[in-house]
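Lettering of chains follows the sequences in order, A, B, ..., and the numbering in each one begins at 1.
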2 protein chains.
Amino acid sequence: MNTHEAIQILKEKGYKMTGKRKDILNFFEASDGYRTAKDLIEHMEISYKNISFDTIYRNLHLYYEMGILEKTVLNGEKQFRISCAQHHHHHFICNHCGRTKEIDVCPMDEVANTLSNYAIEGHKFEIYGLCPLCQSA
Amino acid sequence: MNTHEAIQILKEKGYKMTGKRKDILNFFEASDGYRTAKDLIEHMEISYKNISFDTIYRNLHLYYEMGILEKTVLNGEKQFRISCAQHHHHHFICNHCGRTKEIDVCPMDEVANTLSNYAIEGHKFEIYGLCPLCQSA
DNA sequence: TTGTAAATAGTAACGATTACGATTCATTAT
DNA sequence: ATAATGAATCGTAATCGTTACTATTTACAA
């Protein structure tokens with residue numbers, strides 16, 4: 001997913017394209033990991049001194065609903081990253097910088113048969129730690 | 001982990017044993033799944049009309065720090081259950097009632113070698129859905 | 001260019017959690 | 001048993017992330 005693709009999706013669905021929406025997309029495209037709403041606010045305030053919480057959260061949710069962003073929760077905060085979900089996968093997430101690495105292993109295949117009477121609706125598999133860059137720093 | 005064991009741990013570490021602390025343990029021993037602070041407050045208010053948030057959260061954290069309770073976060077709320085961590089394992093968690101089922105599969109063995117330059121500090125693997133009881137209801 | 005619905009600012013409200021001073025209580029040493 | 005003392009608790013305010021609301025502004029289509 002990149003900014004261009006995302007803009008196409010928004011247009012198709014009839015959403016209006018604003019400068020703020022483009023900047024939000026650029027912010028996430030330039031990040032290669034999870035970012036909090038607060039991170040985004042700090043970035044947006046450079047260009048838009050008085051940007052509203054409402055705008056931040058409304059657009060984060062919009063992008064999430066449209067599959068443009070992925071979401072997770074860390075330390076009680078929602079975190080978002082550009083969607084890379086062409087195929088099913090999980091993430092290593094750096095505790096220090098939020099950068100992610102794709103993990104293609106998914107444990108669900110192994111597990112499904114031990115849960116035959118259970119209706120599975122979702123699962124979460126995440127690995128936390130320090131990425132190579134943050135270890136040397 | 002059961003109430004008796006937990007009381008032993010508290011005594012050994014020099015914590016005082018109060019009626020409220022025992023009741024909290026009983027509440028979690030009687031549950032077989034994750035419960036929120038709110039669930040616990042509702043239960044405690046039956047016996048202690050004016051119990052304080054402070055008491056609830058202080059003791060939840062104390063028990064968690066001592067390994068008496070396990071913790072997870074669901075829908076932005078911290079949830080706790082009696083610890084069953086004699087061995088490493090994960091959980092299926094019912095979205096409706098919070099009941100859990102132990103999962104002995106752990107994907108980390110498979111994954112570790114693909115993260116050779118990463119310092120792994122933790123991981124989370126949880127499966128969500130409806131347990132057999134909640135499906136029939 | 002104008003009309004209209006969508007997007008936004010500014011701000012209040014919310015829910016979960018944490019924090020704190022004053023009071024009560026469990027434990028231990030007498 | 002009792003008194004001393006430090007821990008536990010209450011009552012409540014504060015905090016944090018997030019959601020919600022109204023008035024205003026803006027993107028886009030006619």
**Asked** Can you list the steps and then say if Arg21(A) with Leu62(A) is a side chain to side chain contact (heavy atoms under 4.5 Å, CB included)?
**Response** CA-CA 10 Å; Arg21(A) 286 201 166 143; Leu62(A) 175 66; 3.6 Å; yes
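Side chain of Ser52(A), nearest nucleotide from dG11(D), dT17(C), dT11(C): dT11(C). Between dA8(D), dA7(C), dT18(C), one nucleotide has an atom nearer to the side chain of Arg58(A) than all others, and that is dA7(C). Of the listed nucleotides (dA9(C), dA16(C), dG11(D)), dA16(C) has the atom at the smallest distance from the side chain of Lys38(B). Taking the side chain of Lys20(A) as heavy atoms from C-beta on, and the options dA8(D), dT12(D), dA9(C), the nearest nucleotide is dA9(C). Side chain of Thr55(A), nearest nucleotide from dT17(C), dT8(C), dT11(C): dT8(C). The nucleotide whose nearest atom lies closest to any side-chain atom of Ile51(B) is, among dT18(C), dC10(D), dA20(D), dC10(D). Minimum atom distance to the side chain of Lys78(A) is reached by dT18(D), of the listed dA7(C), dT9(D), dT18(D). Closest to the side chain of Thr18(A), from the set dA7(C), dT17(C), dT11(C), is dA7(C).
The distance between atom CD1 of Ile56(A) and atom P of dT11(C), rounded to the nearest whole Å, is 17 Å. One interatomic measurement links the two molecules: CZ of Arg21(B) to P of dC25(C), which rounds to 15 Å at whole-angstrom precision. Atom CG of Asn59(A) is separated from atom P of dT18(D) by 15 Å (rounded to the nearest Å). In this structure, OH of Tyr15(B) is placed 17 Å from P of dG6(D), rounded to the nearest angstrom. Separating the OH atom of Tyr57(B) from the C1' atom of dC10(D) is a distance of 16 Å, rounded to the nearest angstrom. Taking atom CD of residue Glu45(B) and atom P of nucleotide dG11(D), one finds them 11 Å apart after rounding to whole Å. The nearest whole Å value for the distance from the CG atom in Asn75(A) to the P atom in dT17(C) is 14 Å. The distance from atom CG of Asp54(A) to atom P of dA23(D) is 15 Å, rounded to the nearest whole Å.
In this structure, Lys71(A) is positioned above the aromatic face of Tyr64(A), its NZ or CZ under 6.0 Å from the six-membered ring centre and within 45° of the axis.
Toward the 5′ end of DNA chain C lies the nearest nucleotide of Leu62(A), the other residue of the pair Leu62(A) and Lys16(B) mapping further downstream. Comparing Gly14(B) and Asn50(B) by the nucleotide of DNA chain D that holds the closest heavy atom to each, the one mapping nearer the 5' end is Gly14(B).
Each of Ile24(A), Leu60(A), Asp39(A) was scored for a side chain to side chain contact (heavy atoms under 4.5 Å, CB included) with Phe80(A), with one residue passing: Leu60(A). If you run side-chain hydrogen bond (donor to acceptor under 3.5 Å, both in side chains) between Thr72(B) and each of Arg81(B), Lys78(B), Lys124(B), only Lys124(B) comes through.
The side chain of His61(B) places an N or O atom within less than 4.0 Å of a non-bridging phosphate oxygen (OP1 or OP2) of dT18(C).
A side-chain N or O of His123(B) and one of His90(B) form a donor-acceptor pair less than 3.5 Å apart.
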